[in-house]
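Below is one structure; the comments refer to it alone.
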2 protein chains.
Amino acid sequence: MITRGPSLTEQVRQHIKQLIVENGFEEGRIPPETELAADLGVSRTTVRDALSRLEHEGAIVRRQGAGTFVNPHGLRIKTRLEEMWSYEEMLKDHGYTPSVKVIGIDIEPPAPDTAQALGLEEGQQVLAMEKVFYEDDDPVVLTYNFVPADLIDGEVIPSDAEAPIFEFLEQQTGNQLAYYLSEIVPVLLTEEWAELLGTEPGTASISFDETGFDTDGRPLVHARSMFRDDLLRLGVMRRKSGG
Amino acid sequence: MITRGPSLTEQVRQHIKQLIVENGFEEGRIPPETELAADLGVSRTTVRDALSRLEHEGAIVRRQGAGTFVNPHGLRIKTRLEEMWSYEEMLKDHGYTPSVKVIGIDIEPPAPDTAQALGLEEGQQVLAMEKVFYEDDDPVVLTYNFVPADLIDGEVIPSDAEAPIFEFLEQQTGNQLAYYLSEIVPVLLTEEWAELLGTEPGTASISFDETGFDTDGRPLVHARSMFRDDLLRLGVMRRKSGG
DNA sequence: CAGTGGTCTAGACCACTTT
DNA sequence: AAGTGGTCTAGACCACTGA
């Protein structure tokens with residue numbers, strides 16, 4: 001019944017997740033691991049791995065000796081900060097139907113912080129992309145992405161920039177984005193930013209400053225994103241460490 | 001050689017972490033899992049679990065078919081947002097030697113958002129605790145904690161409030177904090193906050209608004225924390241989901 | 001005391017990278 | 001082809017919860 005495609009563990013995870021959102025478990029109680037394993041015809045280890053992911057997502061809570069339970073609060077989390085997403089995805093998860101507008105694309109010398117983040121030498125340039133994500137006519141997210149010009153293979157046209165940045169990087173540079181190191185910085189919106197975000201200058205906002213690396217630890221992109229706090233709020237689930 | 005106390009997996013994790021920070025691996029290459037297992041006298045599964053935790057912390061990178069490697073960038077992360085910590089711990093990780101000052105303790109009616117977050121009925125009160133964390137004479141963090149008064153067993157004296165909030169809750173209510181749901185909110189500092197944080201009113205700042213729950217999903221505490229961005233910056237590592 | 005999740009083992013096979 | 005991490009199995013025993 002459960003076989004091909006993604007890993008068994010992932011299939012089991014999705015299967016259980018499905019049942020959770022459909023309210024398929026009585027009183028939020030998830031069956032014992034041995035029972036799930038027998039029902040699905042997989043080993044208990046596989047079930048446990050799947051449950052561990054769901055626990056990590058905040059979808060369930062496990063209590064030793066007592067059982068495993070649906071976590072109604074965890075299901076409220078829309079955006080898991082510790083995961084990589086495209087802003088389209090993120091906005092969809094919030095119930096929006098987003099659109100993208102590329103404000104500008106340019107090859108230019110990097111700002112000092114960008115040069116440092118990307119480990120660029122004097123004289124090396126970056127491809128700068130400025131985008132705004134909208135929900136209907138409301139701007140929600142403003143992003144700047146800076147990619148070392150050396151990495152880009154061919155010519156770049158504005159429509160390329162509409163793709164999520166990791167797709168863009170894979171297509172234009174052949175490198176895969178493995179992780180971001182991100183900082184959360186409070187800022188006052190400048191006039192330029194405020195106008196693009198359709199709000200007032202001087203508004204307090206979050207700036208998400210991050211550098212993306214490939215698996216070899218090479219920096220591929222430096223990015224800065226600003227949000228309309230009234231339309232999009234960042235959330236995170238915080239647990240004890242070492243699970 | 002590796003035996004008692006914490007779990008085997010945790011001991012292996014610490015052992016490898018130790019070697020990483022001591023630069024005990026040539027060229028940042030970590031030995032094959034089978035070799036580690038044989039050397040430490042544990043199963044490969046145990047080694048893999050330990051490595052998974054280190055990967056999750058950002059300390060290492062695993063590349064199928066190639067090997068496991070130290071991640072120098074990941075080691076830079078001081079504060080992992082998705083983990084629960086006490087602010088003392090957090091500041092120590094940043095190289096500070098923090099101290100705490102309890103500004104005030106009071107039993108009072110909850111603000112509307114606090115009442116909602118804690119699911120309180122009309123008339124129920126909260127224990128409010130206001131604290132500032134200092135590095136030397138510089139205030140770095142300002143926190144407000146609100147605990148339902150019903151949960152508190154005995155009398156509370158100011159020195160009790162100096163303990164980390166999860167210790168406080170365990171001692172005063174007997175309940176264990178399992179996780180927080182947190183939101184990151186940009187704010188302009190009010191005069192009161194600015195004075196306590198030793199900075200100017202109107203400065204852009206992060207407000208960390210969170211509710212803490214026990215394993216049964218009961219809200220135990222509602223909290224709000226403000227930071228001196230120039231002294232303490234929140235960081236997070238973002239990876240692909242489903243690992 | 002029965003039932004649950006937590007830890008650990010030993011081993012098989014697969015997918016991928018490197019030589 | 002050899003070596004690495006990725007997935008999965010079957011089973012043992014422990015720690016904790018709740019009736």
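Model, not experiment: these values are computed from the prediction.
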To the nearest angstrom, the CD1-P distance between B/Ile60 and D/dT4 comes to 15 Å

Hey, can you pull the donor-acceptor pairs under 3.5 Å for the side chains in residues 114-129 of chain B, sequence neighbours left out?
residue  : atom : partner  : partner atom : Å
B/Gln124 : OE1  : B/Glu121 : N            : 2.6
B/Gln124 : NE2  : B/Asp150 : OD2          : 2.3

message = I'd like to know if A/Arg13 and A/Asp49 make a salt bridge, using a cut-off of under 4.0 Å between side-chain N and carboxylate O.
response = no

Expected rows: protein N/O vs nucleotides 2-9 of chain C N/O, under 3.5 Å:
residue : atom : partner : partner atom : Å
C/dG3   : N2   : A/Gly65 : O            : 2.9
C/dT4   : O2   : A/Gly65 : N            : 3.3
C/dG5   : OP1  : A/Thr68 : OG1          : 3.1
C/dG5   : OP2  : A/Glu33 : N            : 2.9
C/dG5   : N2   : A/Gln64 : NE2          : 3.3
C/dG6   : OP2  : A/Arg48 : NH1          : 2.9
C/dG6   : OP2  : A/Arg48 : NH2          : 3.2
C/dG6   : O4'  : A/Gln64 : NE2          : 2.8
C/dG6   : N7   : A/Arg44 : NH2          : 2.8
C/dG6   : O6   : A/Arg44 : NH1          : 3.1
C/dC8   : OP1  : B/Leu8  : N            : 2.3
C/dC8   : OP2  : B/Thr9  : N            : 3.1
C/dC8   : OP2  : B/Thr9  : OG1          : 2.7
C/dT9   : OP2  : B/Ser43 : N            : 2.9
C/dT9   : OP2  : B/Ser43 : OG           : 2.8
C/dT9   : OP2  : B/Thr46 : OG1          : 2.4

- Check the side chains of A/Asn71 and B/Tyr179 for a donor-acceptor pair under 3.5 angstrom, ignoring hydrogens and angles. yes

Note: B/Glu55-B/Arg62 ion pair, threshold 4.0 Å (strictly below): yes

- Is it true that B/Arg80 and B/Glu83 make a salt bridge, defined as a side-chain N closer than 4.0 Å to a carboxylate O? yes

